[in-house]
Amino acid sequence: MKPTRRPANPCFSSGPCAKRPGWSPDALAGALLGRSHRSAIGLARLVEIIERSRALLQMPADYRLGIVPASDTGAVEIALWSLLGARGVDVLAWENFGEGWVTDLTQQLKLRDLRVLEAPYGQLPDLAAVDPDRDTVFVWNGTTAGVRVPNGDWIASDRKGLTICDATSAAFAMRLPWPKLDVVTWSWQKALGGEAAHGMLALSPRAVERLESYTPPWPLPKIFRLTSKGKLIEGIFRGETINTPSMLCVEDAIDSLRWAERVGGLDALVARAEGNLAAVAAWVEHTPWLRFLAEDPATRSCTSIQLAITEPWFTALPEEARFKIVRSMTARLEAEGAGYDLASHRASPPGIRIWAGATVEQSDVEALLPWLDWAWGEERDAAKAK
Ligand SMILES: Cc1ncc(COP(=O)(O)O)c(C=O)c1O
């Protein structure tokens, strides 16, 4: 039966993610358009993003946080290019974004002492194999697999290497164990529903020490440079961005951070995302046609929830045919205004992906689920009629 109730906000994309509840363009009315980001008032806005983010994420006082170019990708690549090569590197990959960092390290930086620890979609690599004497590069939440690391217990407190963590689909929805992380990156377009623009780069004191004591052998473009004459450019971590930010996106980022504070800060953001995951899990439990792609419940993402369709007639089809069915199903949902952008990423197994981060209301997730049952029923009937 076709449901009658639709989600109030049908946006379930894994990036850009749903705007915060109640958002409208009015939130941007105070944007400093046409003003310099280096004016006192412009700089204050950038500092506000840094300070509100630090406080919300409960970042240690001795960590630096800067706004950098090119969203999360920019933040991660600045870290990889600036820090790696000083010692051996372990890179973890279990889905598309981790695999992207592997490509950077093998084909671009051509690191000689590199170990790639991989796992198929749905699983994590062997975290116990990570060597604390080496640098480690990993994503906290694998957005295209819906698999996250369960915690930071596998990271040694007395490690010699640095941990570089792409946390873009985790920050503001999952707790990050700061003392275990030397570099943490994210973008505005993810869990707080901001706009894609600049990235955020957090550095531990040990990461800064590496920057000031090691010069990589490869060239660094201007937008990657964090040091000058062997010293950290402290201004970058006080709002003096390397290049020009969009003051419209800045205003929007501030709006999202203020909303996050209003709803109760990090505890509330985590509770909202975990509540959404619990709602999906309760439905999956009595839904025979799918399962979580994440095999271990402890690794199920509470932001990018990835579901695998299990009916034998479907799983027996070649990948292309399965993607076709998934796209047809998600097109039905879109045409109904019941849910947008629910197909799994093109690099992952064909299935359904529901973004369930803090900006998504649980009532909207609950309203979506019967629509998924309906759309799948339509696809099954269409396939059987062929
Ligand atoms: C884990 C992860 N890393 C990197 C990115 C790239 O982020 P951006 O497009 O903001 O640079 C994404 C985007 O979905 C992601 O999920």
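Ligands are counted one by one from 1 in listed order, and the atoms in each one are counted from 1 as well. Basis for what follows: all heavy atoms, side chains included, without hydrogens, waters or symmetry-related copies.
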Taking only heavy atoms of [X] into account, list the atoms of ligand 1 that are under 4.0 Å away from them.
X: T73; answer: 6 (C), 7 (O), 8 (P), 11 (O)
X: T143; answer: 1 (C), 2 (C), 15 (C), 16 (O)
X: S187; answer: 10 (O)

[X] N/O under 3.5 Å from ligand 1 N/O:
X: S71; answer: yes
X: N141; answer: no
X: Q189; answer: yes

Exercise for the section: Under the side-chain contact (heavy atoms from CB on, under 4.5 Å) rule, what do L84 and V137 come out as? Steps first, then yes or no, please. Expected result: CA-CA 10 Å; L84 294 185; V137 178; 4.1 Å; yes

Problem - Distance-only side-chain donor-acceptor flag, D373 / W289, under 3.5 Å - result: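 Yes - a donor-acceptor pair under 3.5 Å links their side chains.
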
Would you mind checking which non-hydrogen protein atom is closest to [atom], with the distance to 0.1 Å?
atom: atom 7 (O) of ligand 1; answer: D72 CB, 3.6 Å
atom: atom 13 (C) of ligand 1; answer: K190 NZ, 2.9 Å
atom: atom 3 (N) of ligand 1; answer: D166 OD2, 2.6 Å
atom: atom 15 (C) of ligand 1; answer: T168 CG2, 3.3 Å

Problem - F138 ring center near W94 ring center (under 6.0 Å) - result: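 No, ring centres 6.0 Å or more apart.
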
Exercise for the section: Measure centre to centre between the rings of W355 and F12, then say whether the value is under 6.0 Å. Expected result: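 Between W355 and F12, the centre distance exceeds or equals 6.0 Å.
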
Exercise for the section: Mind checking side-chain hydrogen bond (donor to acceptor under 3.5 Å, both in side chains) for D255 and listing every partner two or more places apart, or none if nothing turns up? Expected result: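 Partners of D255 by the side-chain hydrogen bond (donor to acceptor under 3.5 Å, both in side chains) criterion, ordered by chain and then number, come out as R20.
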
Exercise for the section: Go through the structure and list residues passing side chain to side chain contact (heavy atoms under 4.5 Å, CB included) with A167, not counting sequence neighbours. Expected result: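 W140, C165, A170, L176, V184.
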
Exercise for the section: Run the salt-bridge test on E195 and K19 with the 4.0 Å N-O cut-off and return the result as yes or no. Expected result: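 Yes, charged N to carboxylate O under 4.0 Å.
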
